Amino acid sequence: ALLDIRPKPLAGRKIIVTSGPTHEPIDPVRYIANRSSGKQGHAIAAALARLGADVHLVSGPVGIADPAEVTTLHVETANEMKDAVEQLLPADAAVFVAAVADWRSETSAGEKIKKVAGEGPPALQMIENPDILAGVGHHKKRPSLLVGFAAETQDLVRNAEAKLAKKGADFIVANDVSHEGGVMGGDRNRVRIVSKAGVEEWPEMSKDEVATRLAALIAERLKTITV
Ligand code: CTP
Ligand code: CA
């Protein structure tokens with residue numbers, strides 16, 4: 001076979017990717033989480049690495065293997081994910097695919113909370129987690145290219161456009177996660193790429209194909225940005 005000696009388009013570029021859910025503890029045996037397999041985020045990390053990028057994947061708890069040729073950091077909570085991401089700055093680009101839990105229990109009990117007859121369920125006091133994407137979008141070390149995801153069950157494009165503006169991202173990959181969409185945990189995905197330039201609709205394809213196309217788009221955009 002012929003050896004491909006063309007330089008890889010993302011060689012020399014450092015890219016941060018978040019993937020998977022976060023787990024927010026209630027006590028040593030219980031947690032609050034989002035549904036996320038990590039498949040799409042891990043596939044994006046792998047696709048960026050195939051284009052030569054120095055990829056740092058910050059992964060919540062998932063049941064899939066670390067991607068090849070990627071530096072993977074494992075975290076549990078949103079706060080741990082935020083700290084890991086900020087430690088990794090500066091970077092040329094960041095892609096935030098993780099389904100971060102929006103809220104956590106304000107306190108995590110040191111011991112397992114027991115059912116007590118007649119007392120009923122414990123009242124959990126919830127507090128909001130930090131928004132990692134918005135924090136990086138407004139950070140002094142903001143990467144020159146910032147990509148977020150938006151999981152929606154309704155008003156997909158309108159919600160994605162609002163997130164683009166509020167979080168300071170360059171692209172939002174908008175994802176229909178309504179029951180009809182059937183994306184969660186599956187191997188296929190249908191996304192729209194929302195940016196200031198408008199909305200680009202991609203046909204339904206595998207999560208690996210979405211990853212390959214998104215990595216190519218990122219390479220194309222970074223080409224116009226000098227190191
Ligand atoms: N995100 C994040 N940190 C959070 C919440 C979300 O970094 N605490 C990122 C996600 O990784 C994703 C984007 O923000 O790239 C949008 O996440 P999403 O849950 O769709 O948006 P929210 O702003 O949390 O709004 P809501 O869940 O109410 O739709
Ligand atoms: Ca959310």
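First listed ligand is number 1; within each ligand, the first listed atom is number 1. Computed from a predicted model, the values in this text were never measured in an experiment.
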Looking at Asn189, Asn175, Asp187, which one forms a side-chain contact (heavy atoms from CB on, under 4.5 Å) with Gln40?
Asn189
Do side-chain atoms of Thr18 reach the backbone of Ala98 as a donor and acceptor pair under 3.5 angstrom?
yes
Does a side-chain N-to-carboxylate-O contact under 4.0 Å join Glu86 and Lys141?
no
For a quick check: using heavy atoms under 4.0 Å, what are the residues in contact with ligand 1, sorted by chain and number?
Phe96, Ala98, Val100, Asp102, Pro130, Asp131, Ile132, Leu133, Gly148, Phe149, Ala150, Ala151, Lys163, Lys167
Look only at the side chain of Ser19 and the backbone of Gly38, and say whether a donor-acceptor pair between them is shorter than 3.5 Å.
yes
Output yes when a side-chain donor or acceptor of Asp208 lies under 3.5 Å from a complementary backbone atom of Ala43, and no otherwise.
no
If you compare all heavy atoms of Ile113 against all heavy atoms of Arg30, which two are closest, and at what distance to 0.1 Å?
O-NH1, 3.1 Å
